[in-house]
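All values reported here derive from a predicted model rather than from experimental measurement. For the numbers below, each heavy atom of this structure counts, side chains included, while hydrogens, waters and symmetry mates do not.
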Amino acid sequence: MAHQQRSQGRLSPSGDTEDIEKNTEDIARLLAPRLAHFAGVARTEHVTRAAQEMQVPQSTLSRAMVRLEQDLGVDLFARHGRTVSLTPAGRTFLASVERALAEVERAAEEVRADADPATGKVAFGFLHTMGAETVPGLIHAFRADHPRVRFSLVQNYGEAMLERLRAGELDLCLTSPVPDAPDLVARRLDEQKLRLVVPADHRLAARRRVRLAEAAEEVFVTLEPGYGLRRITDDLCREAGFKPRVAFEGEETETLRGLVAAGLGVALLPPPPVPRPGVAELTVTAPRAVREIGVAWLEGHPDTPPVAAFKKFLLSRRGRLLP
């Protein structure tokens with residue numbers, strides 16, 4: 001039986017782009033529940049046999065195929081008594097349907113695998129400054145009891161991580177300052193002392209302690225606006241009675257240490273993973289120079305078993321998060 005174009009499809013396109021997009025969405029919603037049924041009939045070329053394999057009433061399956069052809073506006077099957085065969089349009093449609101169903105099956109397997117309690121995945125974000133020691137140590141400790149849980153790790157500054165959290169790209173993130181937003185849940189885990197880092201030949205380099213106000217006339221190297229540590233630096237300097245004069249802005253704390261070592265300014269930074277030559281790191285006695293570290297997640301977002309386990313682990317590390 002040759003392919004026959006039906007006189008009128010259920011959904012007819014218009015010249016308007018918005019109407020076309022709406023029609024595409026509508027027809028996808030109409031067709032989606034019937035695709036597996038269509039593939040089953042096409043594979044067996046027999047409605048009764050397909051109904052038995054898929055465990056649906058034959059009448060239901062027959063009506064679904066008729067409605068599918070009506071919605072598309074084309075004949076997919078040539079009918080020969082109790083058997084059917086695909087028309088050219090049906091063969092074309094089947095190739096795409098099989099690819100679509102395979103992709104859906106692959107996606108289902110992926111999300112099931114990610115949610116598996118033993119081998120699932122955690123999408124975890126954290127600050128650059130926590131990548132050298134803190135996060136590797138945390139994951140090592142967690143995997144002592146969950147050896148096969150997988151991690152997708154993202155390093156970024158705080159605001160960027162919160163955006164990815166809201167977009168559903170992250171399950172959890174370690175950030176500073178601890179966010180206060182109605183759509184997020186955040187818990188304080190620890191605090192980290194900040195030091196005034198000066199060049200090794202600086203006038204303050206021989207000191208062990210310093211009041212931040214003593215650096216009021218210095219030029220600073222800082223992280224860019226939008227970074228949590230930049231906001232903390234600005235707030236601490238304001239509390240000390242001055243606004244920092246910023247000579248250089250960067251995206252990574254060890255780059256800032258390099259700039260300090262080169263004599264290009266001073267900086268308020270957390271301790272380095274390993275001592276950096278060319279600088280002196282001074283304890284700030286006033287104001288109290290610390291940054292709070294917390295974990296955040298999306299309010300109302302359900303956790304998979306591996307995410308719930310890692311969240312519980314992080315909360316158990318309150319006060320001893322940092323090396």
Legend entry - Test item: Val185 and Val295 side chains (from C-beta on) under 4.5 Å apart, heavy atoms: no

Inset, instruction - Enter the distance from Leu298:CG to Asp171:CG here, rounded to the nearest 0.5 Å. - result: 10.0 Å

Legend entry - Student check: side-chain heavy atoms of Ile293 and Met130 closer than 4.5 Å: yes

Inset, instruction - Test salt bridge (charged side-chain N to carboxylate O under 4.0 Å, His left out) on Arg34 and Asp71 and set out the steps. - result: CA-CA 11 Å; Arg34 305 188 191 115; Asp71 289 335; 2.5 Å; yes

Legend entry - Atom of Leu282, atom of Val210 and distance for their closest heavy-atom approach: CB-CG1, 3.9 Å

Legend entry - Ionic contact status for Glu169 with Arg166, cut-off 4.0 Å: no

Legend entry - Nearest-0.5 Å distance that lies between atom SG in Cys173 and atom CZ in Phe124: 8.0 Å

Inset, instruction - Give a yes or no answer on whether the side chain of Thr222 reaches the backbone of Arg230 with a donor-acceptor pair at less than 3.5 Å. - result: no

Inset, instruction - Indicate yes or no: at least one non-hydrogen side-chain atom of Gln52 is less than 4.5 angstrom from one of Gln58. - result: no

Inset, instruction - Supply the atom-to-atom distance Phe38 CZ to Glu98 CD, rounded to the nearest 0.5 angstrom. - result: 8.5 Å

Inset, instruction - Kindly give the heavy-atom pair with the smallest separation between Val260 and Val198, and that separation in Å. - result: CG1-C, 3.4 Å

Inset, instruction - Decide yes or no for Arg49 and Met54: does some side-chain heavy atom of the first lie under 4.5 Å from some side-chain heavy atom of the second? - result: no

Inset, instruction - Without swapping roles, check the side chain of Ser62 against the backbone of Ser59 for a donor-acceptor pair under 3.5 Å. - result: no

Inset, instruction - Would you confirm whether the ring centroid of Phe93 sits within less than 6.0 angstrom of the ring centroid of Phe77? - result: no

Inset, instruction - Using the side-chain hydrogen bond (donor to acceptor under 3.5 Å, both in side chains) rule, take Thr233 and Arg291 through it: C-alpha gap first, then chi angles, then the decisive distance, then the call. - result: CA-CA 10 Å; Thr233 296; Arg291 66 169 180 172; over 6 Å; no

Legend entry - Pair Phe248 and Phe220, ring centroids less than 6.0 Å apart: no

Legend entry - Donor-acceptor contact present, side-chain Thr283 to main-chain Arg209, <3.5 Å: no

Inset, instruction - Answer yes when Glu103 and Arg99 have at least one side-chain N-carboxylate O distance shorter than 4.0 Å, and no when they do not. - result: no

Legend entry - Exam field: side chain Thr92 to backbone Pro88, donor-acceptor pair closer than 3.5 Å: yes

Legend entry - Approximate separation, where rounding is to 0.5 Å, of Arg150 CZ and Ile139 CD1: 13.5 Å

Legend entry - Any donor-acceptor pair under 3.5 Å from Arg195 side chain to Val197 backbone: no

Legend entry - Whether Thr60 side chain and Val56 backbone form a donor-acceptor pair below 3.5 Å: no

Legend entry - Any side-chain heavy-atom pair of Phe126 and Gln155 under 4.5 Å: yes

Inset, instruction - State whether a side-chain donor-acceptor pair under 3.5 Å links Glu218 with His202. - result: yes

Inset, instruction - Mind listing the closest non-hydrogen atom pair of Leu268 and Leu212 along with its distance? - result: CD1-CD2, 4.0 Å

Inset, instruction - Would you tell me whether Ser85 and His80 have side-chain atoms, one donor and one acceptor, within less than 3.5 Å of each other? - result: yes

Legend entry - Side chain to side chain, Pro136 and His140, heavy atoms closer than 4.5 Å: no

Inset, instruction - Output, in order, the C-alpha distance, side-chain angles, deciding distance and verdict of side-chain contact (heavy atoms from CB on, under 4.5 Å) for Lys121 and Val149. - result: CA-CA 6 Å; Lys121 185 174 73 173; Val149 168; over 6 Å; no

Inset, instruction - Verify salt bridge (charged side-chain N to carboxylate O under 4.0 Å, His left out) between Arg207 and Glu214, making sure each step is shown before the conclusion. - result: CA-CA 12 Å; Arg207 301 266 296 275; Glu214 295 179 72; 3.0 Å; yes

Legend entry - Carboxylate-amine/guanidinium contact Arg320 Asp190, below 4.0 Å: no

Legend entry - Ala240 versus Ala213, closest heavy-atom pair with distance: O-CB, 3.8 Å

Legend entry - Among Arg276, Arg257, Lys193, Arg208, salt bridge (Lys or Arg N to Asp or Glu O under 4.0 Å) partner for Glu281: Arg257

Legend entry - Considering all heavy atoms, the nearest Ala289-Val284 contact: CB-CB, 3.8 Å

Inset, instruction - With rounding to the nearest 0.5 Å, note down the distance linking CZ in Arg143 to CG in Leu138. - result: 13.5 Å

Legend entry - Taking every non-hydrogen atom, the tightest pair across Asp234 and Pro244: OD1-CG, 3.8 Å

Legend entry - Charged N-O contact under 4.0 Å between Arg112 and Glu109: yes

Legend entry - Ion pair Glu69/Arg79, N-O distance below 4.0 Å: yes

Inset, instruction - Starting from the C-alpha separation in whole Å, work towards a yes-or-no answer on side-chain contact (heavy atoms from CB on, under 4.5 Å) for Thr44 and Glu53. - result: CA-CA 9 Å; Thr44 61; Glu53 288 185 3; 3.7 Å; yes

Legend entry - Arg245 side-chain N/O to Glu217 backbone N/O, donor-acceptor pair under 3.5 Å: yes

Legend entry - Contact check, side chains of Val219 and Val266, non-hydrogen atoms, under 4.5 Å: no

Legend entry - Side chains of His46 and Val84 in contact at under 4.5 Å (non-hydrogen atoms): no

